Structure formats: structure tokens, C-alpha cells
Amino acid sequence: MSVASQDNAMRTGRAARVFIYVFLLVFALFYLLPFFIMLVNSVKPLGEITGGNMIALPKVWTIEPWLSAWSTAQIGVEPTGLRPYFWNSIRMVVPAVIICTIIGALNGYILTKWRFRGDTLVFGLMLFSCFIPFQIVLIPMARILGILDISGTTSGLVLVHVVYGIGFSTLYFRNYYAAFPTELVRAAQIDGAGFFQIFYRILLPSSGPIAVVCVIWLFTNIWNDFLFGASFASGGAAPMTVALNNLVNSSTGVREYNVHFAGAIMAALPTLLVYIVAGRYFVRGLMAGSVKG
Amino acid sequence: MGFLDIKEATKSYGAVEVLHGVDVSVQEGEFLVLVGPSGCGKSTLLNMIAGLEEITTGEIAIKGQRMNGVHPSKRNIAMVFQSYALYPNMTVAKNITFGLEMHGTPKADREKAMNDVAELLQITPLLDRKPGALSGGQRQRVAMGRALVRNPDVFLFDEPLSNLDAKLRVDMRTEIKKLHQKLGTTIVYVTHDQIEAMTLSTRIAVMNGGYVQQLGTPQEIYDTPSNIFVATFMGSPAMNVVPAKVADENGRPVAHVSLHDGSVTSLPFSQANMMDWVGKDILLGIRPETITDEDGADRKSGNIAQMTNQIVVTEPAGSDTFVTMTMGGKDVIARMRSDADVRPGAEFTFAVNMEKAVAFDPRTEARIAP
């Protein structure tokens, strides 16, 4: 592999390579520009933004907008800052991701290693949840949350995201376990391991890459979700995304752009962090099985 | 009643029956090899013994205990898989003791059993490694260790050597045979390699199309194959099967076989019962090693026939030279000494050991003599 790619690199001309690097660099800067502007303006006093140049570096550095966005900014009618909503999102994302991943892994294990009549049909039906638009289920979901008496709560949101996430996590784990040798399961059966023992002693220890893929995918989607958050958890139970929207919309006179920028970065940071920490596993997991060794 | 009894066992997937009434009884300490081409049902039968596949009808019993529906872990069997199936996340030591741990063996006993097996298979230095860091031969040993440590009633081997390179395969074959002689365990071994079957087994079941074609010792299978399939499947190069006509020459049955130029040679039978077939067509089976030059003929044989035929191709293989000629319109291979003076295109006088010849009914393909 590496020998071959080096070979290709050797044959590429110097001019072509310079062109490629410049091209890539320009695009990287282009993608980074919005983030740069957000970052720069979140550490400026408001006067500097309203006074003129948004792209310039701040003359006076301040973390006041960050503190304000975190703990004192007006969200709707309450001057609480984003802090309580940030914890709302954490309380929503963590259980939803964990439950989804565990159920997805179990589903994948059953659908590949304990096959039953009609298993492909069941899997096909589960895949629907990956493709049905969110809007379609809003009303039935509201009804169900009402029946369960968890509408407007974080638990309700966890349920919604679990229901929607299981399709994807099952898809990931099923495809990963399909390539897992069935002889290992048979060997473990002869060795006397039961259903769950085979799962957590044999399969789970080998599932690192796909678990990371699943966690990143679910975390990003659930954290960034606005529609379900806005529909099913208004007020005190709202997640970060909804609160950010409320922060930007509830102005008490002056629009505090610097506070808005700081809030927006806060809302984006966790997903960014997850990707930076586990990103290389993400690529590795997506490639798993496609290349031998 | 044997140690492992398979009685009228069948296997069906839906309406398709893939194994038809298999009857095999294995004695304690026997090494039974199931051999056949791919798709013959040999692995299915092994999986049924292991309990990994259900038995559709019939019965499988180990030590007189009916095993139908009994979970694989409760049959006191151990299996070595083609891919070795070592748990990739566990060390060699863990791999070997996993089964004992699952069966609730105390830790001290596990350690002792593991060390004994590791010593027997000479894998003690590998105990702390992961399977990924082992070579093919080492993985093979670990897989055997995992089976041995359980001290099961029956060992099941599913083509365990087919992933190894040619040289290692021969070494491991000897190793398995040594192990069997030393431990005297009962083994059922699946392979598609007829040489493995011949060398390892105490008995062979040759399978084809879901039927056991013949069950017998390697010598029986080789010398008196019950039909054309067994005759041509076992042995390398395969047994030559040529059309012939039985005739009566001076009160003795002979086979008339046409040679390359259309002339007919007479090969006298050793078996008197061939008189019943006088005037009828048969298929004559001759093993390559029973066609030699005159000096290389078996001196103990009381029935050496001579024939002169044209050599088509010679293939020197070092220890032997294979000679191809035409008999009865078919290519026939003879296995000659390497120093026999053979040249393509030349006429050569061959000696055929007719004591070892086998005759088949062309209609049923079953053996009629000896």
C-alpha cells in the first residue's frame, strides 16, 4: 500500500504538487473562515463589531461575551445563560447514545449470528428509520410522549432519539458483524459460552472501531438536532440548540453579536471535541473490512 | 454398539435432503476420516455430530447417550475449525482455558491443564501472545490445544490443514497422527484431501452426493473400492478406468482391451467369478502403480500380463516417471521407476499386475470383482 502510494507521489510533477497543495490550502482556509470570524468576534467588545470591521482582530480582548453567554444572557424570559441548557443536552445525548449503541450492537449480533426466519425483513424495516423524514413522525410521536406522560421532558427527548438512532446503530453493527467469522461463535458455543457471554467476551472486544463510528454519528446527530428539541422540549427542558435560537431571538434592545457568537461556538464545541478525540477511529471504522490486514 | 453411533441420520434444508440415511459406528480410539468432494455433506455431518446443525431424522449417540437436541457444550466434544477460530482478543493462554472457564473449572485446575497441553504441543513460549502474532502452524497448534485441554470424548476436525502451505501440512499431518497414537483418542476428521484420509485414518468414509459411498480401512478402500466414484477419488494419480470386454480363453476369464492402434490385448483375470461376465462389457480399473516395465513388476504377484503399447507422454517426477498411453480410447497413466527407459512415441512393453485389477459393472458402476 504505502510503497504504491509513494511510487505515485514520485511520478507526480513538482508543479502539479504545488498546485494541489495550494488548492487544498485555499479550501481549508475557506472552510475555516466562518469559524475564524465567530471566534474573533466572540472575544471582542460589542462596540468594535457594531463600529465596523468584523474580520479584524480585536483591539481589546475580552472573555465577557463567553461568560455572559454561559451564565447571564437572556434566554427567552429567564436571564440564565446557556448553562442549564448545555446540561440538558448532555443529559439527553449521553443516555441516548449509550442506549442506542448497546441496542444496535445487540441487534447486529442477533441479525448476523442468531439468524431467524424473516431476519432480513426485520432488518429492512429497521432501516426505514434511517430514511423516514423527521417531520412525518412529529405528531404520532407527540401522542406517544403524551400517553407515556414524558412530553416536554429530557427523558422524552432521549426516547425520541433512541427510537430514531437504533436504525443507524443496527445498520452499522450488523454490517460489521456480518464480516465477523461465524466459526468463532461456533467455537465459543462448543466451549460452553452462552448468548450474552459470546456477545461480551468474543464480539464486543473486537467492536472498537464500529462502536466509535456509531458514537460519533449518534452524538453529532442528536446534539445538533433542533426539530425534536423545539417540538418536544420547550422551556426549561430545551436542549442547547433550541436555547441558542432563543438566545439570538430574545434581544432586549441591542443585539449582542459577540454573545451570540460565543454561544454558537459553545453549541458546536462538544461535537468538534468528539470528532477530534475519536476521528481517526471514525475513518478506520468506516474502512474496516474493506482492506485486508 | 460403538463409542459414537450415527444411525440413519439425515439432514434436510426445507424440502432438499442433503444427507441420506448415514450409518456409521465409530469405536473408541478410532480415527475416522470423512472424505469427499466439496458439497458431499461431510462438513454437515461433522456439524451434526458437534450439535451445530440439527439432525433432521435418525439418531446420533456418544457413549450410548442420545445426542439429538443436546447443546454442543454438553456433548463433551471438541472441535478444531478450518480457520482455527481462535478468539482474536484473547491471549493464547486465555484461548486455551476459555472452554474450561465456561464449564466452571477452578482456576488452579485450568492452569495445570493448560500447562500440560502447552507442553505436549510445545507452545509454552507462545502463551502470552495474541493469535494475530502467530504463524499459521502455531495457530493450528493452539487450536488443537484448545480442543485437547477439555479432554473430550470425541475430537472433531474440520479440514484443519487446508489453510497451511504444502510442507507444513505434511508436518502437521504427521504430528496429528503421533498425537492420536499417543493419546488414543477418538477422532472424526473431515477433509477433501484423499492423501490426508489415507495417511491419517484407521477407517475412511468416502462420501459423495450426501451418501456414504464406502466405509472401510484405508487398505480396503484402496484395493477394493465399492464403485467407480471411490476408485477414482482415492489415489493419486487416479485409478485408470477403461472399457473392456470379458472373454473366455482356455477356460480362463480375460479382459479384452483395445490399444492405441485398435489392436486388442488380453489381460487375464485372477478372479474366477468373472466367468459369469463372459461376452459382456465391463469397466476395468487399473491403478497406475500396477502398470510398470517388466523389471519393475511385482515379483510376489502370480498374475503379470504383458502388453505392448505406444507411449504418448512421459512426466518425470523425480522418484517416479508417469507415462501416459491410450487404452480403450482413454488416457491411461502408468507409474514407472524413474530409471525406466521410456520415450514419447516409442512402443514399450508394459507389465500389468492383474492381481490388483478391479472390475466394475458399467451400468451400476458397482464393483463386481474382486
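In what follows, chains carry the letters A, B, and so on, assigned in the order in which the sequence lines appear, proteins first and then strands, with residues in each chain numbered from 1. Note that the structure is predicted; figures quoted are calculated from it, not measured.
Within the 4.5 angstrom heavy-atom criterion, only side-chain atoms of A/Q197, from C-beta onward, approach chain B. In this structure, chain A has heavy atoms under 4.5 Å from both the backbone and the side chain of B/Q82. Neither the backbone nor the side chain of B/L100 comes within less than 4.5 Å of any heavy atom in chain A.
Checked options A/W217, A/F228, A/F86; the residue passing with A/W223 is A/F86 (criterion: ring-ring contact (aromatic ring centres under 6.0 Å, His included)).
Cation-pi geometry between B/R146 and B/Y87 is satisfied (NZ or CZ under 6.0 Å from the ring centre, within 45° of the ring normal).
The choice from A/P181, A/G194, A/A188 that makes the most heavy-atom pairs within less than 4.5 Å of chain B is A/A188.
Below 30°, between 30° and 60°, or above 60°: for B/H180 and B/F31 the angle between ring planes is above 60°, a perpendicular geometry.
Ring centroid separation for the pair A/F23 and A/F19 comes in under the 6.0 Å cut-off.
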